[in-house]
Protein chains: 2
Amino acid sequence: MSAKVYVSAQEVAEKAGVSRSAVSRTFTPGASVSAETRRRVLEAADALGYHVNELARGLMRNESGIVCLIVSDVATPYRAALLRELTLQLQNAGKVAMLINTDRSDGSVDRALRQAISYRADASIILSGLPDKSIAQLCLRSGQRLVLINRDDDQPGPLRINLDDYEAAGRVVTAFVRAGCRRLAFANSEAGTPSLMARERGFVAGARALGMDVTVERYGWTGYEAGKVLAQRLLTRSERPDAVFCATDLLACGFMDTARHQFSMSIPNQLCVAGFDDIEQASWSSYDLTTFAQPVSTIAAKAVEWLSEAQPEIVSNQEQSLRLRAELVWRGSIRGG
Amino acid sequence: MSAKVYVSAQEVAEKAGVSRSAVSRTFTPGASVSAETRRRVLEAADALGYHVNELARGLMRNESGIVCLIVSDVATPYRAALLRELTLQLQNAGKVAMLINTDRSDGSVDRALRQAISYRADASIILSGLPDKSIAQLCLRSGQRLVLINRDDDQPGPLRINLDDYEAAGRVVTAFVRAGCRRLAFANSEAGTPSLMARERGFVAGARALGMDVTVERYGWTGYEAGKVLAQRLLTRSERPDAVFCATDLLACGFMDTARHQFSMSIPNQLCVAGFDDIEQASWSSYDLTTFAQPVSTIAAKAVEWLSEAQPEIVSNQEQSLRLRAELVWRGSIRGG
DNA sequence: CCCGCTATTGCAAGCGTGTGCAAATGCTGC
DNA sequence: GCAGCATTTGCACACGCTTGCAATAGCGGG
């Protein structure tokens, strides 16, 4: 291990002929330094290659500038897009993102939060899974902020950002009916997360309100391969559906591909399809998928804004919940847009 | 701002009735503590919710455990996959990933490295762009390790991981010729990064070795939309190519979609296509793309392994370069696999 | 020339941890 | 019981920084 030799404020001070505090103040916005001292310090710092040690600064200030992003399956298009938006906006707010990958077990989220505590992160943003209540409470008690995106949790303290999954799913029923579809199906994964289930319930309820039934099928995890299997299952039924709402765009891509290539069905003529997330692939001309857009940019903006706000103590007792609308993006996978 | 109140080793020591060093040693692997003291410390720590302050530990040890990942366009499938692999393997090695997003400007990479220095990162892994030589040297002098993935840079010190882009591109010529293709084209972006250009040169050279010419077209940045434009340009030529090698899978997807939907061409009957990266979408049945696989898992493994190695001083003067082979994944977009 | 005020500067304490060193403790064998 | 040894423990300093406090310098007005 080669020795790390970073230059310290002390050395800069000596070179500039000032005290260590002068150096410190030069790099602290709003501190009181004369223009002349500042100039000499900056000059010396530049010559020596000095950079403030954020570890030490964080130790003193009790504020590390670190925000933990806790997420599983980063490589998934929707997750990756949200991640991009979050890191970008965090950077603009002067924070830095620490990325912690979780698997789909509950324990891994807890481990991630423990790591966030260890690095004295200012906040943690959870995109996947749910932490144990006790560890979440520990974070909050320690003064760490918590943001839950598309997760459902009832304990007070964290900011919760959610979409109107239920209502959105209801709106797609109307679109299918207007296109003349009569046999509706819902393709879901077995993951069973609250947002996926809300879409399912919303779709079923919306159909029932119009006196229609929905064939629900669930399989595997929320990915392309699962979509293929779901198509396999739904399209070999005696009563083939003529419209299917997929809980996720990835599922929809898999679904459309087998519908076309294995069952030679034409979309949207014989089968209308809708998805959810509006991942980039949904706009590719092979899919041209009508879907609900995740407002990733707004989600990130709201989260970062909330983190940057000065927060009174009282606030932690009241409801912190944001409900965003998922807008329907019309494309060619449903007749008569 | 609500006050942060983390519990310190001091408090744990008092509760457990031992000295603070005992607490410290309990959480330091390999330190000398008796079983009994350890038990009492762990018990007290658990009751109080104590977590070692990694900021302070990093300050003392001169080793933060942080590794910076410097990357632009995180949401791109290949980047996201590499990112997943890296964060995962870093975690397994006991490190933690700090994600820094850059735009496509040079300066943003420099800013990222400055941040890496400020947080006293143990290492930085650069996936996009190239840092200024002076700032890279500053990192190395400070004892920070540098890894460049698919970037070309000649200065000694960093570990460079590259693929055999040139040779791989040559191999695809053979595949095209064996499929009976005669009019070859290469679709590239204008990004001009070394790996993209190496693929282009390798393809052209390989063709020329067999006495064939290549139509080269370049446009925009390396994404789906650029692929569409490239198809537009190449397929409206008087002499339509019957085989096209796209510098990237994303380009290939865009290319295939317009070839099919706008020019009604059949793949691979009228047009053979190959790509590079083997992103997930390449295996989707709408594309079924023959392509070269980025060995993301190996890349990440090699990088992490190198970081974890104890490194003698001398090593920083010799060549640190790894050349990995890109394996051809045969699918249906070239005739006669 | 001195007073009062303000803008700047230096001192030193403290943030939470690791670790060398010496003291203390426990254990073995006689 | 005691010497000899290995293991464990506590003390105190160091890491690089911020910041309250007091001292100093600068300066205009009387």
Side-chain angles (χ1 to χ4, degrees), chain A residues 1 3-42 44-45 48-66 117-122 142-143, chain B residues 1 3-42 44-45 48-66 117-122 142-143:
Chain A
M1 170 66 65
K4 296 224 182 92
V5 277
Y6 291 97
V7 19
S8 71
Q10 176 73 311
E11 305 172 50
V12 177
E14 279 161 18
K15 172 149 186 145
V18 298
S19 77
R20 201 180 43 251
S21 345
V23 178
S24 181
R25 282 192 250 261
T26 301
F27 292 98
T28 304
S32 160
V33 211
S34 74
E36 170 61 8
T37 331
R38 158 176 240 96
R39 195 190 56 72
R40 290 170 60 187
V41 168
L42 286 179
L48 263 46
Y50 170 76
H51 289 81
V52 175
N53 186 333
E54 290 287 346
L55 266 40
R57 173 177 274 183
L59 192 56
M60 267 304 298
R61 289 225 183 120
N62 227 344
E63 199 180 318
S64 60
I66 297 174
I117 293 181
S118 284
Y119 277 95
R120 299 302 189 256
D122 296 343
S142 307
Chain B
M1 170 66 64
K4 294 222 184 92
V5 276
Y6 290 96
V7 19
S8 73
Q10 179 69 5
E11 305 172 50
V12 177
E14 280 161 18
K15 171 148 187 148
V18 296
S19 79
R20 201 183 51 73
S21 346
V23 179
S24 181
R25 283 191 249 261
T26 300
F27 290 99
T28 305
S32 161
V33 211
S34 74
E36 170 61 10
T37 342
R38 160 177 237 94
R39 196 191 55 73
R40 289 170 62 186
V41 168
L42 286 179
L48 263 49
Y50 170 76
H51 290 80
V52 174
N53 187 335
E54 290 288 345
L55 265 42
R57 172 178 274 181
L59 190 56
M60 267 304 296
R61 288 226 184 118
N62 226 347
E63 200 180 316
S64 60
I66 297 174
I117 293 182
S118 284
Y119 277 96
R120 299 303 190 255
D122 296 342
S142 308

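In what follows, every chain begins at residue 1, and chains take the letters A, B, ... in the order their sequences are listed. Below, each value reflects all heavy atoms present in this structure, side chains not excepted, and no hydrogens, waters or symmetry copies.
Using a 4.5 Å heavy-atom threshold, the side chains of A/Asn53 and B/Leu59 count as touching. Between A/Arg61 and A/Thr28 the shortest side-chain heavy-atom distance falls below 4.5 Å. For the pair A/Tyr119 and B/Ile66, the minimum side-chain heavy-atom distance is below 4.5 Å. Contact check for B/Asp122 versus B/Ser64: side-chain heavy atoms found under the 4.5 Å cut-off.
Here the closest heavy-atom approach between residue B/Val52 and residue A/Arg120 is recorded as O-NH1, 3.9 Å. Of all non-hydrogen atoms in B/Val41 and B/Val23, the two that sit nearest each other are CG1-CA, 4.0 Å.
Judged as a ring-ring contact (aromatic ring centres under 6.0 Å, His included), the pairs with a partner in residues 10-40 of chain B (not counting sequence neighbours) are, in order, B/Phe27-B/Tyr50. Here salt bridge (charged side-chain N to carboxylate O under 4.0 Å, His left out) pairs that include residues 51-60 of chain A, with residues two or more places apart or in two chains, are A/Glu54-A/Arg57.
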Would you give a per-nucleotide map of nucleotides 10-19 of chain D, 5' to 3', where B means the base has a protein non-hydrogen atom under 4.0 Å away, S means only the sugar-phosphate does, and - means neither?
BBB-BBBBBB
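With rounding to the nearest 0.5 Å, the separation of CZ in B/Arg38 from OG in B/Ser32 is 10.5 Å.
Note that the first and last nucleotides of DNA chain C, 5' to 3', having any atom under 4.0 angstrom from a heavy atom of chain A are C/dT8 to C/dG16.
Summary for the helix from C/dC1-D/dG30 to C/dC30-D/dG1: the axes at its two ends, each from 5 pairs, differ by 40° when rounded to the nearest 10 degrees.
Applying the side-chain contact (heavy atoms from CB on, under 4.5 Å) test to A/Glu14 and every residue at least two apart in sequence or in another chain returns A/Gln10.
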